[in-house]
There are 2 protein chains.
Amino acid sequence: MARDGPDGPDLDADLRLLVGYGIKRANAALTPHIERILGGFGLRRSTYSALSVLAGHPGLRQSDLSEVLAIERPNLVQILDELRHSGLVVRSRDQADRRAWRLRVTPAGAEVLAQARRALMAYDQRLTAGLGKAERKALIAALQRVERLGAEAWEGRDVGEISTT
Amino acid sequence: MARDGPDGPDLDADLRLLVGYGIKRANAALTPHIERILGGFGLRRSTYSALSVLAGHPGLRQSDLSEVLAIERPNLVQILDELRHSGLVVRSRDQADRRAWRLRVTPAGAEVLAQARRALMAYDQRLTAGLGKAERKALIAALQRVERLGAEAWEGRDVGEISTT
DNA sequence: TATTGTTATACTCTATAACTATA
DNA sequence: TATAGTTATAGAGTATAACAATA
């Protein structure tokens, strides 16, 4: 255990056995680069995500978007303010339910999204350099599966047995 | 595209093509559960990580630990204060360099770590339920590779070409 | 009575500048 | 002059309570 790697001893070898640790470290390593890339288009991670979903699903309400992106409604307000003030998103009152807003991406928003998407996809593809298309798809599927399994409430009882399959 | 899944339409299908998005969503889904599990032992994610590294490498200095865990030195101070006040870690002045501290896990710290580790490992194993041992190892390796590739500075030039391999 | 969007607020994580004591 | 650890602080992300307007 704790064997040395090419960049020196991996002192966190024990933590590296955990999928959750690997995900946290990977996220921390990627985040500043993703923010820098999107920042070049006047976007943040959250505004890019909102723009991306709205572009594919015009007429979505804020509460729908909140659920899709797993963002609390109050936190979405600022995100949408930002997109509206930049002229990338507009909203109009729902005719049937006058409490709700219907959101749409403007032509300018679609253009910014397209450009940001190209830059972000190029970076993201680099993350799986050396992997084939099938392997990349498998990684993405595995992550989504981890997300689902991890989110399922668990009674946290002390399970001594660990599957050896 | 944007085909419906078993739990309804996946409105973020476009974002799901990104490894970075999958990592962010997985991390967000796991974090509260991991915090809850570790909270049962009086630990946070950061204090658990520090405890885990120090247990395997007694005598480490704070700056070493900071580098291993990719935590800025100032942020490590509070983490170690917490561990010391809980009696899980002690420190002593380095004899050769009286600016530095040498860190060690106490017997109580080792015991808390062992218990927390069992609970956390049981949860983490659940994240890859259905995967074989080799597949789980491959996922962990892929994450570490993503972390490394993603951290390497990149000039962010607009690369239109995307590998089709 | 419940829901949509909003405001205010608080808490954690993370990052930087500047200080001290030692080297 | 540089380094180890510290303090203070600021920003981003995220979470909850409470409110107005509407259902």
Side-chain angles (χ1 to χ4, degrees), chain A residues 20-21 23-36 38-39 43-50 54 59-85 89-103 151, chain B residues 20-21 23-36 38-39 43-50 54 59-85 89-103 151:
Chain A
Y21 182 74
I23 287 174
K24 182 178 174 6
R25 288 298 298 263
N27 189 55
L30 268 45
T31 295
H33 294 274
I34 293 173
E35 284 175 350
R36 179 176 50 79
L38 294 178
L43 296 172
R44 293 179 298 137
R45 249 184 153 183
S46 53
T47 52
Y48 176 84
S49 296
L54 292 177
L60 225 53
R61 298 181 312 160
Q62 292 187 201
S63 53
D64 300 328
L65 185 58
S66 158
E67 189 177 3
V68 173
L69 296 176
I71 294 175
E72 296 299 322
R73 261 78 47 130
N75 297 331
L76 201 56
V77 173
Q78 184 188 350
I79 292 167
L80 292 172
D81 280 352
E82 213 170 303
L83 288 171
R84 289 193 300 124
H85 294 153
V89 163
V90 290
R91 65 182 191 180
S92 52
R93 278 292 178 195
D94 186 324
Q95 299 301 330
D97 185 345
R98 289 172 47 75
R99 294 172 302 181
W101 294 100
R102 295 293 181 172
L103 301 161
Chain B
Y21 182 74
I23 288 174
K24 182 177 174 6
R25 289 298 298 261
N27 190 56
L30 269 44
T31 296
H33 293 274
I34 293 173
E35 285 176 348
R36 179 176 51 79
L38 295 178
L43 296 173
R44 293 179 298 137
R45 247 183 155 183
S46 54
T47 53
Y48 175 84
S49 295
L54 292 176
L60 225 52
R61 300 181 311 162
Q62 293 187 200
S63 52
D64 299 329
L65 185 58
S66 157
E67 189 177 3
V68 173
L69 295 177
I71 294 174
E72 297 299 321
R73 263 77 50 130
N75 297 332
L76 200 56
V77 173
Q78 184 188 351
I79 292 168
L80 292 173
D81 280 352
E82 212 170 304
L83 288 171
R84 289 194 298 126
H85 294 153
V89 162
V90 290
R91 65 182 191 180
S92 52
R93 279 292 178 194
D94 185 324
Q95 299 301 328
D97 185 346
R98 289 171 49 74
R99 294 171 303 181
W101 294 100
R102 295 292 182 173
L103 301 161

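From a predicted model like this one, the values you see are computed outputs, not experimental measurements. Chain A is the first sequence line, chain B the second, and so forth, proteins listed ahead of strands; every chain is numbered from 1.
Atom CD of A/Q62 sits about 13.0 Å away from atom CZ of A/R99, to the nearest 0.5 Å. Between the OG atom of A/S46 and the CD1 atom of A/I79 there is a distance of 3.5 Å, given to the nearest 0.5 Å.
You'll find the side chain of B/D94 reaches within 4.5 Å of the side chain of B/R61, heavy atoms only. Residues A/Y21 and B/L30 are not in side-chain contact: their nearest non-hydrogen atoms beyond the backbone lie 4.5 Å or more apart. The side-chain heavy atoms of A/R93 and A/W101, taken from C-beta on, include a pair separated by under 4.5 Å. Using a 4.5 Å heavy-atom threshold, the side chains of A/R45 and A/T31 count as touching. Between B/L83 and B/L103, every side-chain heavy-atom pair lies at or beyond the 4.5 Å cut-off.
Between the CZ atom of B/R73 and the C1' atom of C/dT14 there is a distance of 14 Å, given to the nearest Å. Between A/L65 atom CG and C/dT4 atom P the separation is 14 Å, expressed in whole Å. As rounded to whole Å, 12 Å separates atom P of C/dA8 from atom CG of A/D81. Remark: C1' of C/dA15 and CG of B/L76 are 14 Å apart, rounded to the nearest angstrom. Rounded to whole angstrom, the span from the CD atom of A/E72 across to the P atom of C/dA10 amounts to 18 Å. What separates CZ of B/R61 from P of C/dT22 is a distance of 16 Å, to the nearest Å. The nearest whole Å value for the distance from the CG atom in B/L69 to the C1' atom in C/dT14 is 14 Å. Between the NE2 atom of A/H33 and the P atom of C/dT14 there is a distance of 16 Å, rounded to whole Å.
Contact between the side-chain N/O atoms of B/S46 and the OP1/OP2 oxygens of C/dC13 is not found at any separation under 4.0 Å.
Residue-level contact check: B/N75 touches the bases, meaning some heavy atom is under 4.0 Å from a base atom. Within 4.0 Å (heavy atoms only), B/R91 reaches sugar-phosphate atoms of the nucleic acid but no base atom.
Counting only heavy atoms from C-beta on, A/R99 has its side chain closest to C/dT3 among C/dC13, C/dT3, C/dA21. Closest to the side chain of B/P74, out of C/dA17, C/dT4, C/dA8, is C/dA17.
Each of A/R44 and A/D94 was matched to the nucleotide of DNA chain D holding its nearest heavy atom; the match closer to the 5' end belongs to A/R44. Nearest-nucleotide assignment on DNA chain D puts the 5′-proximal partner with B/L80, out of B/L80 and A/R98. Nearest-nucleotide mapping onto DNA chain C: of A/D64 and A/A28, the residue sitting toward the 5' end is A/D64.
Along DNA chain D, read 5' to 3', the first and last nucleotides having any atom under 4.0 Å from a heavy atom of chain A are D/dG13 to D/dA23.
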